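Taking it in order: structure first as structure tokens, then the write-up.
Please read all numbers here as calculations on a predicted model, not as lab measurements. Just the heavy atoms: all of them, side chains too, but no hydrogens, waters or symmetry mates, feed the values below.
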Amino acid sequence: MQKTDSVAIIGAGIAGLTMALCLARQGFASDIFEQADALNEVGAGLQLSPNASRILVELGLLPALEAVWSEPKSIGLVDGHSLRPLAEVPAGAAARSRWSAPYGILHRASLQKILLDAVQSEPGCRLHFAKRIEGDPLAAVAAATGLRPSVIIGADGIWSEARGAIPGVGAVRFSGNVAWRLLLPNTEAKGCLSADRVTAFLGPEAHLVAYPLREIDSFNLVAIIGGKPVEACWVGQDSKERQREFAAAFEAWHPDLQSIIENAGSATYWPLCTVEEGAWHNKQDIVLIGDAAHAMTPFAAQGAAMAIEDASELALCLAECPDAPAAFARYEQTRRARIARVRKRAAFNRFAYHARGPVGIARNLVLARKGPEGLAADLDWLYGYGASEREKA
């Protein structure tokens with residue numbers, strides 16, 4: 001594509017803002033359209049694994065990230081009933097050494113602000129708030145800017161409006177799990193919560209992930225349990241019925257973890273939905289990235305990372321291909337196998353994390369046999385993506 005071709009991005013979340021920065025790095029200007037009056041990121045914590053942080057480092061954002069995030073020394077798996085350690089993957093300095101990029105944890109709002117500040121400092125990035133793009137996106141963007149864009153990138157999440165303009169797009173489906181987000185002040189933390197690592201507590205049909213958020217002096221807690229289909233919303237307040245379901249999932253867990261859940265505040269839940277296999281672009285001028293294209297369950301903690309990878313790859317394809325259709329085809333060819341493999345890993349983790357009985361015992365034996373080095377090696381294909389000295393696939 002020509003660097004003078006106009007590019008529009010729908011959505012100013014993590015996917016859309018990263019997309020704008022990656023385009024600017026390749027010499028493209030862009031218009032970013034956000035329906036909200038201001039950016040108020042929903043949610044709390046975020047894990048940035050090395051495959052994602054590497055791209056943000058390349059965009060020059062490492063100093064800003066280091067000012068707010070923490071780099072956990074390890075990612076640990078712990079039995080939620082007995083608090084017995086099951087496995088540990090080295091992170092911290094080991095992540096920088098092994099995967100040539102850091103593993104960071106931070107508040108979503110912190111990353112959003114860092115990306116927003118970077119976008120607003122780029123002369124070629126024009127951010128339009130309170131601009132909802134619906135119906136025909138080409139006509140809507142043309143009406144907003146006076147120009148018909150050469151490319152429209154849908155970065156507007158799982159309930160994407162842009163998806164409606166693509167024939168054969170994947171359908172949104174409820175995964176059968178519900179996630180709860182909670183925040184626990186550090187003053188309420190129990191000894192089972194570590195200030196220097198990410199901990200996943202495992203149990204039958206449920207698991208709880210906990211890690212510190214340096215910016216707000218609290219622990220981020222994400223609990224995932226089985227659940228019933230709910231209304232098509234991204235996040236909801238806890239009702240009495242939902243609270244009972246939530247409490248029942250952890251009633252046999254260790255008392256310290258039950259106390260943590262009871263003392264945590266700001267409880268919200270959201271249905272974990274996915275986007276099934278389908279088209280990612282219309283073969284002409286509209287393409288999807290991130291959750292809009294391939295939303296997946298968070299069992300591999302890769303939702304934001306896949307959107308960041310998408311943005312980097314698509315920007316490169318647009319820069320190196322003669323036109324948008326060729327760029328879209330190359331982007332899809334590059335990303336399909338990668339996304340499928342990450343989905344498969346998330347499905348495996350879901351099975352392993354929620355295992356019970358003999359399957360759970362077998363899982364624990366396998367984890368113990370592999371050890372920290374073996375478990376880290378199993379993640380080379382995922383976390384080492386983009387590192388020149390390691391395989392990308």
Side-chain angles (χ1 to χ4, degrees), residues 14 18 43-78 85-112 114-115 193-202 207-216 218-222 296 298-312 338 341-342 345-346 349 353 367 370-392:
I14 291 172
T18 305
L46 181 69
Q47 299 180 60
L48 282 177
S49 51
N51 49 308
S53 69
R54 177 177 297 105
I55 293 166
L56 301 181
V57 169
E58 290 171 355
L59 291 172
L61 303 181
L62 183 58
L65 290 167
E66 289 179 326
V68 295
W69 78 5
S70 301
E71 295 183 38
K73 291 182 179 179
S74 64
I75 299 97
L77 302 181
V78 175
L86 301 175
E88 189 168 79
V89 178
R96 288 186 179 239
S97 174
R98 184 179 192 98
W99 298 302
S100 304
Y103 194 118
I105 48 178
L106 73 169
H107 199 287
R108 282 178 175 268
S110 298
L111 177 58
Q112 188 95 330
I114 289 168
L115 293 170
L193 297 184
S194 173
D196 61 2
R197 74 172 181 174
V198 176
T199 307
F201 299 95
L202 312 186
H207 77 278
L208 173 70
V209 178
Y211 52 87
L213 293 177
R214 168 182 159 194
E215 312 101 292
I216 59 174
S218 297
F219 275 85
N220 181 67
L221 307 176
V222 179
M296 61 184 68
F299 288 89
Q302 287 295 304
M306 291 302 103
I308 291 168
E309 285 186 14
D310 283 353
S312 178
R338 171 77 170 170
R341 191 172 183 185
V342 176
R345 176 68 187 221
N349 285 356
Y353 286 5
L367 290 173
K370 279 185 174 291
E373 181 65 22
L375 292 171
D378 285 346
L379 293 167
D380 283 348
W381 69 272
L382 181 58
Y383 294 166
Y385 185 78
S388 58
E389 70 274 18
R390 294 190 178 275
E391 290 291 326
K392 289 189 176 184

Checklist line | For Ala195 against Pro212, the heavy-atom pair lying closest together | finding: O-CG, 3.3 Å
Checklist line | Salt-bridge criterion met for Glu66 and Arg96 (N-O under 4.0 Å) | finding: yes
Checklist line | Rounded distance (nearest 0.5 Å) linking atom CD1 of Ile75 with atom OG1 of Thr199 | finding: 9.5 Å
Margin query: With a 3.5 Å distance limit and no angle check, can you tell me whether Ser312 reaches the backbone of Ile55 through a side-chain donor-acceptor pair?
Written below: no
Check: Parallel, tilted or perpendicular for Tyr353 and His207, by the 30°/60° rule?
Finding: perpendicular
Item checked: Main-chain N/O of Gly384 paired with Asn51 side-chain donor or acceptor, under 3.5 Å -> no
Notebook entry, point to check: Can you find a heavy atom in the side chain of Phe201 that is under 4.5 Å from one in the side chain of Val209?
Noted result: no
Notebook entry, point to check: Passes side chain to side chain donor-acceptor pair (under 3.5 Å), Tyr211 versus Asn220? Steps please.
Noted result: CA-CA 5 Å; Tyr211 52 87; Asn220 181 67; 3.2 Å; yes
Next item on the list: Could you pull out the closest heavy-atom pair between Ser194 and Phe219, with the gap in Å?
Entry: O-CE2, 3.3 Å
Check: Are any side-chain N or O atoms of Thr18 and backbone N or O atoms of Ile14, one a donor and one an acceptor, separated by less than 3.5 Å?
Finding: yes
Check: If every non-hydrogen atom of Pro90 is compared with every non-hydrogen atom of Pro372, which pair is closest and at what distance?
Finding: CD-O, 3.7 Å
Check: Any side-chain heavy atom of Leu77 within less than 4.5 Å of one from Glu88?
Finding: no
Next item on the list: Supply the atom-to-atom distance Gln302 CD to Tyr383 OH, rounded to the nearest 0.5 angstrom.
Entry: 6.0 Å
Note to self: On a heavy-atom basis, which atom in Ile114 and which in Ala64 lie closest, and how many Å separate them?
What the structure shows: CD1-O, 3.5 Å
Notebook entry, point to check: Under the side-chain contact (heavy atoms from CB on, under 4.5 Å) criterion, do Leu367 and Leu375 qualify, and how do the steps go?
Noted result: CA-CA 8 Å; Leu367 290 173; Leu375 292 171; 4.0 Å; yes
Item checked: Spacing of Glu309 atom CD and Tyr385 atom OH [to the nearest 0.5 Å] -> 5.5 Å
Margin query: To the nearest 0.5 Å, what is the distance between CG on Asp196 and NZ on Lys73?
Written below: 5.0 Å
Check: With a distance cut-off below 6.0 Å to the six-membered ring centre and an angular limit of 45° from the axis, does Arg214 pair with Trp69 as a cation-pi contact?
Finding: no
Check: Leu56 versus Leu62: any side-chain heavy-atom pair under 4.5 Å?
Finding: no
Check: Would you say Ser74's side chain and Gly76's backbone share a donor-acceptor pair under 3.5 angstrom?
Finding: no
Check: Run the side-chain contact (heavy atoms from CB on, under 4.5 Å) check on Ile105 and Leu48 step by step: do they pass?
Finding: CA-CA 6 Å; Ile105 48 178; Leu48 282 177; over 6 Å; no
Notebook entry, point to check: Would you call Arg98 and Glu373 a salt bridge, using N to O less than 4.0 angstrom?
Noted result: yes
Next item on the list: Report yes if some heavy atom in the side chain of Ser53 is under 4.5 Å from a heavy atom in the side chain of Leu61; otherwise report no.
Entry: no
Next item on the list: Could you tell me whether the side chain of Glu215 and the main chain of Ser110 form a donor-acceptor pair under 3.5 Å?
Entry: no
Margin query: On a heavy-atom basis, which atom in Ala210 and which in Leu193 lie closest, and how many Å separate them?
Written below: CB-CD2, 3.6 Å
Checklist line | Gln112 CD to Leu46 CG distance, which is reported to the nearest 0.5 Å | finding: 10.5 Å
Checklist line | Reported CZ-to-CG distance for the pair Arg345 and Leu382, which is rounded to 0.5 angstrom | finding: 7.5 Å
Next item on the list: Determine, stepwise, if the pair Arg338 / Trp381 fulfils side-chain contact (heavy atoms from CB on, under 4.5 Å).
Entry: CA-CA 10 Å; Arg338 171 77 170 170; Trp381 69 272; 3.6 Å; yes
Margin query: Testing the basics here: between Leu111 and Leu106, what is the closest heavy-atom pair and its distance to 0.1 Å?
Written below: N-CD1, 3.8 Å
